[in-house]
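Below is one structure, written out as structure tokens; comments come after it.
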Amino acid sequence: MSTHANVLDDLEWRGLVADSTDRDALHEHLGTGSVRYYVGFDPTAPSLHLGNLVQILTARRLQEAGHTPYLLVGGATGLIGDPRDSGERTLNSADTVKEWVERLRAQLERFLDFDGPNAATMVNNHDWTASLSTIDFLRDIGKHFPVNRMLARETVKRRLESGISFTEFSYVLLQSMDYLNLYRDHGITLQFGGSDQWGNLTGGVDLVRRADGGHVHAFSTPLITKADGTKYGKSEGGALWLDPEMLSPYAFYQFWLNVEDAKVGELLRVFTFLEHDEIEALEAESAEKPYLRLGQKALAAHVTTLVHGAEETARIEAASAALFGGGDLTALPGTTLAAALREAGAVTAPAGEDRWGIVDLFVAAGLAKSKGEARRTVGEGGAYLNNERVTDPDLVPGPEHALDGGWLVLRRGKKNLAGVELV
RNA sequence: GGCGGGUUGCCCGAGCGGCCAAUGGGAGCGGACUGUAAAUCCGUCGGCGUAGCCUUCGAAGGUUCGAAUCCUUCACCCGCCA
């Protein structure tokens, strides 16, 4: 278990510190007692995702080491949006942002402890920006930001060619002001965030010094990427949401289980609370017998438990074992099969005279976006019914294909499964 | 405010009156090889259906037998000049 001071060593061991203000000063500061720190989340979507999870778990590590977390939800900054390389953002309506703020709060509450001596606190930057006058903002905050230095920031420089609005250009002032306010009102002296936030983090540190002469700290966590440097999430057909309505826990678990060998160790360090020796042991075993995928299994189990709970994880593990265990599907008892398919994703379809063809079933089960795609998949040899390749796109499965309990098992490619219950 | 350049399918980027549903690359999807890994190779990659039809090339009009390609207006972006 980490203590006040050595938590930074743990974070560094886990590869969670990409950049930091004076490292030794920060280390010393963390040794002085329960440091109040904050991390912000902007409501730019209805759910938090994989990238946010890094911050959430880092916040928890600091709390477990005795420090005091403040979780900021950006009710104000979410109305603006920070500059990103892909270009100017489309503004979301105030109502939408408000709704997302509430959803993010609810998600965040599960991960930290809101009781005890170093209980977590939720704050919303809308509370101190809503009534702020433009003149006060320009006089009290704006005066501390030389435009020449703002223009030199990497995120801004990259946008100067393609264009950037004053709105997004000004974002750093808002986030910096958050730090100043939290420093003044709550004695917060540490902020962290993703490495893409580094400019905003240092902006706040500078503002606290310029405005109040205060010395505060900041560090950034690394961007989590695949072994080839690209982002996670795109290849799996969407962002890795934490909300079970937006990404099923089964799909979430499968994501971790399918992580590349080369990344397992790194991800275990970042996303699990396993001790150092446990992780090193898993890394060693994985290097020796990668085909057993012990690292992936541990990773999937731990992270899914953190996000979706132990019960759900147990159901998913059972489902995965049943569906990918290599056994004969037709030998599975109906109850096991039904439970497994409900985790993986299941739909119902008529069993009578009006029953559907294989192409419609693939679309209904969500394994293909259109009939054309389903038809194509059959043509490519990637469509399976009950683990047998389908070669005829006009096949109309009937009761004679049904497994125990009236189920059909559809599969696209190697690992996309769905169940159809004939009723 | 003036002049010039630009806006193409998930992304980048060709096309510049018919042969364009639109070259190429990337991503994605499928197959082979494997370990529900990586790399590699092959195939595929708007929708409906397989005759062909329908909807796409910033938006709306127009010219034409026919336009992503020409004209007009509008919106947004970039550059130079005020």
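Atom set for the values below is all heavy atoms of this structure, side chains included, hydrogens, waters and symmetry mates excluded. Chain A is the first sequence line, chain B the second, and so forth, proteins listed ahead of strands; every chain is numbered from 1.
Between His276(A) and Trp13(A), the ring planes are parallel. Angles under 30° get that label, and only those over 60° would be called perpendicular. Ring geometry for Phe169(A) against Phe166(A) counts as tilted: the plane angle lies between 30° and 60°, on a 0 to 90° scale.
Each of Asn416(A) and Ala262(A) was matched to the nucleotide of RNA chain B holding its nearest heavy atom; the match closer to the 5' end belongs to Asn416(A). Mapping Gly381(A) and Arg159(A) onto RNA chain B by nearest heavy atom places Gly381(A) at the nucleotide closer to the 5' end.
Take Arg60(A) and apply the side-chain hydrogen bond (donor to acceptor under 3.5 Å, both in side chains) test, not counting sequence neighbours, and it matches Glu64(A).
Comparing G28(B) with U34(B), their P atoms sit 23 Å apart, to the nearest whole Å. For the P atom pair drawn from U7(B) and A59(B), the interatomic distance equals 13 Å after rounding to whole Å. Comparing the P positions of G62(B) and A51(B) gives an interatomic distance of 36 Å, to the nearest angstrom. When the P atom is compared between C54(B) and G49(B), the two are found 16 Å apart, to the nearest whole Å. For the P atom pair drawn from G17(B) and A68(B), the interatomic distance equals 13 Å after rounding to whole Å. For the P atoms, the distance linking G13(B) with A67(B) amounts to 28 Å, nearest Å. Comparing the C1' positions of C80(B) and U64(B) gives an interatomic distance of 37 Å, to the nearest angstrom. Nucleotides G18(B) and C77(B) are separated by 33 Å at their P atoms, to the nearest Å.
In this structure, Arg389(A) reaches the sugar-phosphate backbone alone: every heavy-atom distance under 4.0 Å involves primed, P, OP1 or OP2 atoms, never a base. At a threshold of 4.0 angstrom between heavy atoms, the contacts of Tyr253(A) with the nucleic acid are absent. At the heavy-atom level, Gln296(A) lies under 4.0 Å from base atoms of the strands shown. Residue Arg293(A) is in base contact, counting any heavy-atom pair closer than 4.0 Å across all strands shown.
The interatomic distance linking Lys414(A) (NZ) with G30(B) (C1') rounds to 11 Å, in whole Å. Note: CG (Leu282(A)) to C1' (A37(B)) measures 16 Å, nearest angstrom. Separating the NZ atom of Lys289(A) from the C1' atom of A37(B) is a distance of 18 Å, rounded to the nearest angstrom. The interatomic distance linking Arg375(A) (CZ) with U50(B) (P) rounds to 7 Å, in whole Å. The interatomic distance linking Trp256(A) (CH2) with A37(B) (C1') rounds to 16 Å, in whole Å. The distance from atom NZ of Lys371(A) to atom P of C54(B) is 19 Å, rounded to the nearest whole Å. Note: CG (Leu367(A)) to C1' (G28(B)) measures 16 Å, nearest angstrom. Note: CD (Glu260(A)) to P (A39(B)) measures 7 Å, nearest angstrom.
For U44(B), the OP1/OP2 oxygens have no side-chain nitrogen or oxygen of Thr377(A) closer than 4.0 Å. For G47(B), the OP1/OP2 oxygens have a side-chain nitrogen or oxygen of Arg376(A) closer than 4.0 Å. In this structure, Lys369(A) does not reach the C45(B) phosphate: none of its side-chain N or O atoms is under 4.0 Å from OP1 or OP2. Of the side-chain N and O atoms in Tyr291(A), none sit less than 4.0 angstrom from OP1 or OP2 of A38(B).
Evaluation of the ring-ring contact (aromatic ring centres under 6.0 Å, His included) test over residues 136-155 of chain A, restricted to residues two or more places apart or in two chains, returns none.
Remark: the backbone N or O of Leu112(A) is not paired with any side-chain donor or acceptor of Gln63(A) at under 3.5 angstrom.
Looking at Trp407(A) and Asn386(A), their side chains never bring a donor and an acceptor atom within 3.5 Å of each other. Between the side chains of Ser220(A) and Gln197(A), no donor-acceptor pair is found at a separation under 3.5 Å.
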- Item | Base-pair map of RNA chain B as dot-bracket, where | denotes pairing with a different strand and pairs are Watson-Crick or G-U under 3.5 Å | ((((((((.[[[..)..(.....]]].(((((.......))))).(((...)))...[[[[[..)....]]]]]))))))).

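Side-chain N/O atoms of Glu380(A) and base N/O atoms of G31(B) include no donor-acceptor pair closer than 3.5 Å.
Ion pairing between a basic and an acidic side chain is recognised when a charged N comes within 4.0 Å of a carboxylate O; Glu266(A) and Lys263(A) show such pairing.
Looking only at side-chain heavy atoms (C-beta outward), Gln191(A) and Val205(A) stay at 4.5 Å or farther from each other.
The Asp261(A) side chain lies nearest to A37(B) when the options are G31(B), A37(B), G47(B).
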